[in-house]
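In this text the structure is predicted, and so the values were computed from the model without any measurement.
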Amino acid sequence: MGVFNVHERVLDAPPDKAGALIDTLAGQEDLLWPHGGWPSMAFDRPLSRGAKGGHGPVRYTVVAHVPSTWVRFAFRAPRGFDGFHEFAVLPLGDGRTVLRHTLAMNARGPARLTWPLAWRPLHDACLEDALDRAQLACTGAVARPARWSPYVRLLRAARVRGVR
């Protein structure tokens, strides 16, 4: 099953300011990844080609990184995730930038069911939270903060109960 999932936000910030957020991923001062409500992003070394890590049960390797512009991660887990996800900065001019996250993969085996039933809603909520953080870091405010759906809240509650 082919999956192509895109989340993006227009930021009132120049590309260098928006792009700098990418370079903070998994670092001590991570300004992009949503903290607290989601598993932390972590790598075995600073963000660079070849770094291995992920967030929670989602594991990946950094396969490309152009500082302040683009980073691509190739999936290693969960089983059945065959593809990549990436953050990219796209200049719009007039001091505005698009920050885009793209996930492209073939869902195989169990992922053909787990992606649409659990992973996608959680992924979508997490990415919207990340884009809120980007907007806050670039502008100091979030006009319309993302809200988790009742289904996402249910999935998160089930995950928390399952961990105990």
Original post:
Which residues pass the side-chain contact (heavy atoms from CB on, under 4.5 Å) test with Pro145, sequence neighbours left out?
Top reply: Asp132, Val142
**OP:** Please list all pairs passing the side-chain hydrogen bond (donor to acceptor under 3.5 Å, both in side chains) test where one or both residues lie in residues 43-59, with sequence neighbours left out.
**Re:** His55-Tyr60
Original post:
Is Met41 linked to Leu136 within one hydrophobic cluster, defined over Ile, Leu, Val, Met, Phe, Trp and Tyr using a side-chain heavy-atom separation of less than 4.5 Å?
Top reply: no
Original post:
With a 4.5 Å heavy-atom cut-off, do Arg9 and Val98 have their side chains touching?
Top reply: no
**OP:** Over all heavy atoms of both residues, which pair between Glu128 and Ala146 is shortest? Give the atoms and the distance, please.
**Re:** CB-CB, 3.6 Å
**OP:** Output all residues satisfying salt bridge (charged side-chain N to carboxylate O under 4.0 Å, His left out) with Arg100, sequence neighbours left out; order by chain, then residue number.
**Re:** Glu8
Subject >> same_hphob_cluster(Val66, Leu47) at 4.5 Å side-chain heavy-atom cutoff >> reply: no
Original post:
For Thr69, what residues pass the side chain to side chain donor-acceptor pair (under 3.5 Å) criterion, not counting sequence neighbours?
Top reply: none
Original post:
If you look only at pairs with a residue in residues 136-150, which of them pass as a side-chain hydrogen bond (donor to acceptor under 3.5 Å, both in side chains), with sequence neighbours excluded?
Top reply: Asp129-Trp148
Original post:
Does anything in residues 104-125 pair up under salt bridge (Lys or Arg N to Asp or Glu O under 4.0 Å), and if so which pairs, sequence neighbours excluded?
Top reply: Asp82-Arg108, Arg120-Asp124
Original post:
Hey, what do you get for CZ (Phe84) to CZ (Phe73), rounding to the nearest 0.5 Å?
Top reply: 12.0 Å
Subject >> Atom pair CG/OG1 of Asn5 and Thr102 - distance to nearest 0.5 Å >> reply: 8.5 Å
**OP:** Would you please name every residue forming a ring pair (Phe, Tyr, Trp, His ring centres under 6.0 Å) with Phe75, sequence neighbours left out?
**Re:** Phe81, His85
Original post:
How would you list, by chain and number, every residue that makes a side chain to side chain donor-acceptor pair (under 3.5 Å) with Arg72, sequence neighbours excluded?
Top reply: Glu86
Subject >> Contact list for residues 14-31, test side-chain hydrogen bond (donor to acceptor under 3.5 Å, both in side chains), sequence neighbours left out >> reply: Asp23-His65, Asp23-Ser68
Original post:
Should Val63 and Phe87 be regarded as members of a common hydrophobic cluster, given that ILVMFWY residues are connected when their side-chain heavy atoms come within less than 4.5 Å of each other, either directly or indirectly?
Top reply: no
**OP:** Name all residues meeting the side chain to side chain donor-acceptor pair (under 3.5 Å) criterion together with Arg96; count only those two or more places apart in sequence or in a different chain, and write none if there are none.
**Re:** none
Original post:
What distance do Leu99 atom CG and Leu90 atom CG have between them, rounded to the nearest 0.5 Å?
Top reply: 8.5 Å
**OP:** Can you sort out the partners of Ala137 under side-chain contact (heavy atoms from CB on, under 4.5 Å), two or more places apart, ordered by chain and number?
**Re:** Leu21, Leu31
Subject >> Leu117 side, atom CG; Leu122 side, atom CG - distance, nearest 0.5 Å >> reply: 11.0 Å
**OP:** Compare every heavy atom of Trp119 with every heavy atom of Pro57, then report the nearest pair and how far apart it is.
**Re:** CG-CH2, 3.4 Å
Original post:
What are the two closest heavy atoms between Ala134 and Leu32, and how far apart are they?
Top reply: CB-CD1, 3.8 Å
Original post:
Of the non-hydrogen atoms in Pro116 and Pro121, which two are nearest, and what is the gap between them?
Top reply: O-CD, 3.7 Å
**OP:** Compare all side-chain heavy atoms of Asn106 with those of Val3 and state whether any distance is below 4.5 angstrom.
**Re:** no
Original post:
Got a donor-acceptor contact below 3.5 angstrom from the Arg156 side chain to the Gly37 backbone?
Top reply: yes
Subject >> Partner set under ring pair (Phe, Tyr, Trp, His ring centres under 6.0 Å) for His123, not counting sequence neighbours >> reply: His7, His101, Trp115
Original post:
Is Leu155 close to Arg153 at the side-chain level, that is, under 4.5 Å between some pair of heavy atoms?
Top reply: no
Subject >> Connected via hydrophobic side-chain network under 4.5 Å: Val10 and Trp70 >> reply: no
**OP:** Would you mind reporting whether Thr97 and Leu92 have side-chain heavy atoms less than 4.5 Å apart?
**Re:** no
**OP:** State, yes or no, whether a side-chain contact exists between Leu103 and Phe4 at a heavy-atom distance under 4.5 Å.
**Re:** no
Original post:
Are any side-chain N or O atoms of Trp33 and backbone N or O atoms of Pro39, one a donor and one an acceptor, separated by less than 3.5 Å?
Top reply: yes
**OP:** Indicate the atoms forming the closest heavy-atom contact of Thr114 with Ala111, along with that distance.
**Re:** OG1-CA, 3.2 Å
**OP:** Might you point out which heavy atoms bring Leu11 and Ala18 nearest each other, and give the distance in Å?
**Re:** CD1-CB, 3.9 Å
